[in-house]
Student: 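This is the structure, below, for whatever I ask next.
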Amino acid sequence: MKHVLKGRRSLAIAAAVTVVAGLGVATSANAITGGSGGGHPGISSAPWGTVDGQTVDLYTLRSGHDMTVNVMTFGATIQSIKVADKRGHITNVALGHPTLSDYVGDFMQQHTGVGWPIPGGSGDTYFGATIGRYANRIGDHSFTMNCSDCSNDGVTYTFPANNGSTTLHGGDLGWNTKVWSATPLTGPHSVGVKLTLTSPDGDMGFPAAMTTSVTYTVTDDNQLKIAYGTTNNEAAGGKATVVNLTNHTYFNLGGEASGPVFDQLLAINANSYSPIDTDFIPTPPYTVPVTGTPFDFRAPKPIGQDLTNVSMPDGTAGTPTGPTYKQLVIAHGYDHNWVLNGSGNRLAAVAQDPGNGITLRAYTDQPGVQVYSGNFLVGDMTGTSGHIYRQTSAFTLETQHFPDTPHHIGQAGWPSVVLDAGKTFSSTTSYKFTTEGHGLHVSF
């Protein structure tokens, strides 16, 4: 989920980067356990460079059944996801950068204001990154805390306006710009890496010190599981905070840099979506039925089928704070929150490339999923295969709470993002990969 950057500042580069030459993947790795095949999961790691003197490692997680996931400690970021198609060809289905310096230049540009990529370029992509403290947008880059039994009830907090007038993905030095500590994990049917970060009180303006872990696990049935756990370290009765975590992987099931995802099929377990204003902030009536709109993915359809169809109604009468724009015009495509049906860990979305049969099923316990169709990729970034990324080169399935929820604390229809002192928030999302040769079969 992206938006064109505004108001870049002219500052010096903030991060000194050293890259380990030739390490596009963890080839000269330290084997922790297991091997590359034979049905047994395996994990290895290798240094990938340094950021501000901190070593960045690239972990390689193997399912033992033709699935390999690379995760780096900078930004707790998924660098690639490789799976087999129906013909047995190994395909990288995640967009990413080939070097650590590319990630640092990408993720840090909001903070530095340096024209990387070139001015007017794609902006910060957040390829594969862990997003925090608050995924998605907070309107007017501020909110007032509303909490009971806390010391900061009624306090107004202000954050960096790194996306027009809004705060996007935790600010210009969000958790995607940090080097996380890593602990490898092994089990009889899986391997994983637990990444941990401590965030101080006042980080990007957010209240309360927090300790957060993101655990990536690859199983022998080709699932990538993501488990989040974050604790408000304040003593009981202290400051409450807000939290919203997600992963920002861009998927192209036809293969990274294989072209537009127009023909890839998508189904979303949602009867409604959140319309946005021209700042990409949810606007009244806040939820709109998808029936009869381009946002109806209750049954599988090609992503591109209605992507440019502004003749279809979108359930709104325009925005109350500006011109009457269609939702697809505001976002240049899809960049919206779908309100997921049900609760608990359930099937949220299914996608498939009909050509190679690669099928992705996303499960989550979160209330929403932000689907973004890569609208602001403008062809100025070179991906892991040496090809450039353009608009609609991928889609995201960012499982999370709703955008701008801090302005709706306690209101009906808005699941809470408040984390009280001493409390822990946890959530899980998993992506399961299979191949299917006869169309996409979905039962929500």
Side-chain angles (χ1 to χ4, degrees), residues 75-76 110-111 126 129-163 165-181 194-215 226-248 281-282 337 365-368 398-428:
Q110 291 183 353
H111 177 69
Y126 302 94
T130 294
I131 306 299
R133 289 185 183 190
Y134 196 90
N136 218 305
R137 293 173 175 84
I138 298 176
D140 297 322
H141 63 99
S142 65
F143 85 101
T144 300
M145 179 61 73
N146 179 3
C147 53
S148 60
D149 192 28
C150 66
S151 63
N152 56 336
D153 184 36
V155 176
T156 297
Y157 293 93
T158 302
F159 317 111
N162 65 321
N163 186 216
S165 64
T166 73
T167 298
L168 175 64
H169 291 335
D172 52 0
L173 285 177
W175 289 353
N176 63 304
T177 68
K178 311 299 183 182
V179 178
W180 298 54
S181 61
K194 181 177 181 179
L195 300 162
T196 305
L197 179 72
T198 299
S199 174
D201 182 18
D203 189 3
M204 288 284 98
F206 288 89
M210 300 178 70
T211 300
T212 300
S213 67
V214 178
T215 302
I226 308 174
Y228 303 94
T230 185
T231 299
N232 181 335
N233 293 331
E234 290 275 317
K239 296 177 183 176
T241 192
V242 293
V243 65
N244 190 23
L245 304 178
T246 195
N247 177 270
H248 210 298
I281 297 298
N337 170 65
D365 56 13
Q366 292 298 281
E398 302 164 59
T399 57
Q400 57 189 260
H401 278 61
F402 305 156
D404 202 40
T405 297
H407 282 119
H408 300 273
I409 296 171
Q411 296 179 15
W414 293 84
S416 178
V417 295
V418 174
L419 185 63
D420 290 326
K423 300 297 184 180
T424 296
F425 167 81
S426 60
S427 70
T428 59

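Not measured: the values here are computed from a predicted model.
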Student: Return the CE to OG1 distance between M204 and T177, rounded to the nearest 0.5 Å.
Tutor: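 With rounding to 0.5 Å, CE (M204) is 7.5 Å from OG1 (T177).
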Student: Please evaluate residues F206 and F159 with respect to the criterion ring pair (Phe, Tyr, Trp, His ring centres under 6.0 Å), reporting the C-alpha separation (whole Å), side-chain torsions for both, the decisive distance (0.1 Å), and the verdict.
Tutor: CA-CA 7 Å; F206 288 89; F159 317 111; 4.1 Å; yes
Student: Do the non-hydrogen side-chain atoms of L419 and M210 ever get within less than 4.5 Å of each other?
Tutor: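 SC-SC contact between L419 and M210 confirmed.
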Student: What is the distance from atom CD of E234 to atom CG of D420, rounded to the nearest 0.5 Å?
Tutor: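 E234 atom CD to D420 atom CG measures 11.0 Å (nearest 0.5 Å).
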Student: Quick check against the 3.5 Å criterion: does H407 have a side-chain atom that pairs as donor or acceptor with the backbone of S142?
Tutor: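 Yes, the answer is positive, given that a donor and an acceptor are paired below the 3.5 Å cut-off.
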Student: Is the backbone N or O of G139 less than 3.5 Å from a side-chain atom of D404, with the two atoms forming a donor-acceptor pair by type?
Tutor: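 Yes, because the side chain of D404 sits within donor-acceptor range (under 3.5 Å) of the backbone of G139.
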Student: For residues D203 and S199, report the shortest heavy-atom separation together with the two atoms involved.
Tutor: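 In this case the closest contact between D203 and S199 is OD2-OG, 2.6 Å.
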Student: Is the backbone of T405 close enough, under 3.5 Å, to the side chain of Y134 for a donor and an acceptor to pair up by distance?
Tutor: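 At least one qualifying donor-acceptor pair exists.
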Student: Distance only, no hydrogens: is a donor on one side chain within 3.5 Å (strictly under) of an acceptor on the other, for N233 and T211?
Tutor: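 The criterion, which ignores hydrogens and geometry beyond distance, is satisfied for T211 and N233.
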Student: Which heavy-atom pair separates D201 from A208 by the least distance, and what is that distance?
Tutor: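 Taking D201 first and A208 second, the nearest heavy atoms are OD1-N, 2.8 Å.
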Student: Is it true that a side-chain atom of N337 and a backbone atom of F402 form a donor plus acceptor pair closer than 3.5 Å?
Tutor: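 Looks like no, no N/O pair under 3.5 Å.
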Student: Any donor-acceptor pair under 3.5 Å linking the side chain of H141 with the backbone of T166?
Tutor: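 Side chain of H141 to backbone of T166, a donor-acceptor pair under 3.5 Å: no, none is there.
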Student: For K423, does its backbone N or O pair with a side-chain atom of N232 as donor and acceptor, under 3.5 Å?
Tutor: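 No: the side chain of N232 does not pair with the backbone of K423.
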Student: Can you find a pair of side-chain heavy atoms, one from N176 and one from H169, that are under 4.5 Å apart?
Tutor: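 SC-SC contact between N176 and H169 ruled out.
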Student: Check whether any side-chain N or O of T246 sits under 3.5 Å from a backbone N or O of Q400 as a donor-acceptor pair, and report yes or no.
Tutor: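 No; judged by distance alone, with no hydrogens or angles, the pair does not exist.
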Student: Is there a donor-acceptor pair under 3.5 Å between the side chain of W180 and the backbone N or O of W175?
Tutor: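 Present.
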Student: Given L168 and Y126, is the side-chain contact (heavy atoms from CB on, under 4.5 Å) satisfied, shown in steps?
Tutor: CA-CA 11 Å; L168 175 64; Y126 302 94; 3.9 Å; yes
Student: Would H401 and F425 count as a side-chain contact (heavy atoms from CB on, under 4.5 Å) if you check the C-alpha gap in whole Å, the side-chain angles of each, and the deciding distance to 0.1 Å?
Tutor: CA-CA 12 Å; H401 278 61; F425 167 81; 4.2 Å; yes
Student: Around D149, counting heavy atoms of other residues, nucleotides and ligands shown, do more than 12 lie under 6.0 Å from its CG?
Tutor: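 Atom CG in D149 is not packed in, count stays at 12 or less.
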Student: Determine the minimum heavy-atom distance between A235 and A421, stating which atoms define it.
Tutor: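 Heavy-atom minimum between the residues: O-CB, 3.1 Å.
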Student: Is the shortest heavy-atom distance from the side chain of D153 to the side chain of N146 under 4.5 Å?
Tutor: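 When only atoms from C-beta onward are counted, N146 and D153 do touch, with a gap below 4.5 Å.
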Student: Considering non-hydrogen atoms only, spot the tightest contact between N152 and G238 and give its length.
Tutor: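 What the structure gives for the nearest pair is OD1-O, 4.2 Å.
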Student: So do the side chains of L245 and T212 get within less than 4.5 Å of each other, counting heavy atoms only?
Tutor: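 L245 reaches T212 side chain to side chain.
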Student: Roughly how far, to the nearest 0.5 Å, is OG1 of T428 from CD1 of I226?
Tutor: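 The distance works out to 10.0 Å.
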Student: Is there a donor-acceptor pair under 3.5 Å between the side chain of S416 and the backbone N or O of V418?
Tutor: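 Side chain of S416 to backbone of V418, a donor-acceptor pair under 3.5 Å: yes, one is there.
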Student: Between S213 and T196, do the side chains contain a donor N or O and an acceptor N or O under 3.5 Å apart?
Tutor: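 Per modelled atom types, T196 and S213 side chains form no pair under 3.5 Å.
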Student: Any donor-acceptor pair under 3.5 Å linking the side chain of R133 with the backbone of P207?
Tutor: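 Side chain of R133 to backbone of P207: a pair is present.
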Student: For the residue pair Y157 and V242, establish whether any side-chain heavy-atom pair is separated by less than 4.5 Å.
Tutor: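 They are not in side-chain contact.
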Student: Can you measure from CD1 (I131) to CG (N244) and round to the nearest 0.5 angstrom?
Tutor: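 Answer for the CD1-CG pair, I131 versus N244, is 10.5 Å.
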Student: Regarding T424 and T231, is there a side-chain donor-to-acceptor distance under 3.5 Å anywhere?
Tutor: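 Side-chain D/A pair, T424 to T231: present.
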